[in-house]
Number of protein chains: 2
Amino acid sequence: MQVSKTLDYAVRSLTYMGNDPVLKRSMKEISEHQHIPLSYLAKIMRRLVKKGIVRSMVGPDGGYALRRSPKEIKLRDVYEAIEGEIRMVDCMDRDNICVFYDSCTQLPVWDKVQMSMIKILEDTTLQDMLSKSRGKSARPN
Amino acid sequence: MQVSKTLDYAVRSLTYMGNDPVLKRSMKEISEHQHIPLSYLAKIMRRLVKKGIVRSMVGPDGGYALRRSPKEIKLRDVYEAIEGEIRMVDCMDRDNICVFYDSCTQLPVWDKVQMSMIKILEDTTLQDMLSKSRGKSARPN
DNA sequence: ATATTATGGATGCATGATGTCCACAATATT
DNA sequence: AATATTGTGGACATCATGCATCCATAATAT
């Protein structure tokens, strides 16, 4: 029940890019500024590209750039690009492995936790996580 | 970011006991009714005992019983007995390993998620998770 | 005395997160 | 065309942890 290092890397990379959305950033640059192992960062960027969060340019002076503006990138998108669908317990999605599914009494609770988490991640954008943005909880639109 | 099997085992064991709080239940009985590996269940019960959630009796006709009434056992207690303190990210508790701690912009978000989760687990009792209890989200006191 | 049950510790195993390496494709520059 | 740079894709290595088992021992009811 913890934020993975990988997700942290992803968010840090994106906020770094988001602070100057116009600029193109190479993996090397991101890696150095954010202290992320270069070869691992490659894997992470791949997922963000596939989900259409960033676009990539190959070749000299290549690199990455945000596909949308920071305020249009939801933290939920990033989360799901890295971790896959948000799912608190397995039995809520997969085909009913659990013998107790029908009578399970804790499911509603985890579902509640999950929905609450989704709502927060859905309401938080990259914009909210940029250095500039002051007022951490209050987001004046 | 998922509910561990172990926590699921713990909750299932407790709800099983909670359905008849008067009765004493042996590991064997719990294990069989809830499909939990006996030797693993032993480890789990140990943690619940240590946290004062259940008490144990050794010897023939021994077993476990709840220490408090179901409505006095918070899901948060159970969670913490199994998983330890609720912590979404490491840097929020340990002594500042992260280089970016001061300037970290995602911390507030995870903190928000964490608080929201804590609130739900704090407000949910074992009573809410018993078979009898109908009205999954509405808890009429 | 015996059978039953929990306790505590050591250990095994599998899975997944994290990280590395390398050959290759794309492309800007010369 | 040649070269250097950068991302891509896959295989592989490493390590931690969740899950599980086993066994010797302590407690205790009969």
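All chains are named by letter (A, B, ...) in the order of the sequence lines, taking the proteins before the strands, and each is independently numbered beginning at 1.
Atom-to-atom, CZ of A/Arg47 to C1' of D/dG7 comes out at 17 Å; the value is rounded to the nearest Å. Atom-to-atom, CD1 of A/Ile44 to P of D/dG7 comes out at 14 Å; the value is rounded to the nearest Å. Atom CG of A/Leu41 is separated from atom P of D/dG9 by 15 Å (rounded to the nearest Å). Going from atom CG of B/Asp61 over to atom P of D/dA29 covers 9 Å, rounded to whole Å. As rounded to whole Å, 10 Å separates atom P of D/dG7 from atom CE of A/Met17. Rounded to an integer number of Å, the gap from CE of A/Met27 to C1' of C/dA26 is 14 Å. The distance from atom NE2 of B/His35 to atom P of D/dA20 is 13 Å, rounded to the nearest whole Å. In this structure, B/Lys24 places its NZ atom 13 Å from C1' of D/dA27, rounding to the nearest Å.
B/Ser31 and B/Tyr40 share no donor-acceptor pair across their side chains, judged by distance under 3.5 Å alone. No side-chain N or O of B/Trp110 forms a donor-acceptor pair with one of B/Gln114 less than 3.5 Å apart. If you check the side chains of B/Ser116 and A/Ser116, you find a donor sitting under 3.5 Å from an acceptor. A side-chain donor from one of A/Ser4 and A/Glu83 sits under 3.5 Å from a side-chain acceptor of the other. Counting only N and O atoms by type, the side chains of B/Ser13 and B/Tyr64 include no donor and acceptor under 3.5 Å apart.
Within the 3.5 Å criterion, the main-chain N or O of B/Arg87 finds a donor-acceptor partner in the side chain of A/Gln2. With A/Asp123 contributing its side chain and A/Ile120 its backbone, the two residues share no donor-acceptor pair below 3.5 Å. Between the side chain of A/Arg55 and the main chain of A/Ala65, no donor-acceptor pair closer than 3.5 Å is present. Between the side chain of B/Gln34 and the backbone N or O of B/Tyr16 there is no donor-acceptor pair closer than 3.5 Å.
Here the nucleotide nearest the side chain of A/Val58, chosen from D/dA4, C/dA25, C/dA3, is C/dA25. Comparing C/dT5, D/dG7, C/dT27 against the side chain of A/Ser56 picks out D/dG7 as the nearest.
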Would you tabulate the nitrogen or oxygen pairs shorter than 3.5 Å linking the protein to nucleotides 8-11 of chain C?
residue: C/dG8; atom: OP2; partner: B/Arg46; partner atom: NH1; Å: 2.4
residue: C/dG9; atom: N7; partner: B/Lys43; partner atom: NZ; Å: 3.0
residue: C/dG9; atom: O6; partner: B/Lys43; partner atom: NZ; Å: 2.4

Can you name the atoms? Protein N/O to nucleotides 15-19 of chain D N/O, anything below 3.5 Å, with the distance.
residue: D/dC19; atom: OP1; partner: B/Lys5; partner atom: N; Å: 2.8
residue: D/dC19; atom: OP2; partner: B/Thr6; partner atom: N; Å: 3.3
residue: D/dC19; atom: OP2; partner: B/Thr6; partner atom: OG1; Å: 2.4

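No contact: B/Met45 has no heavy atom under 4.0 Å from any strand.
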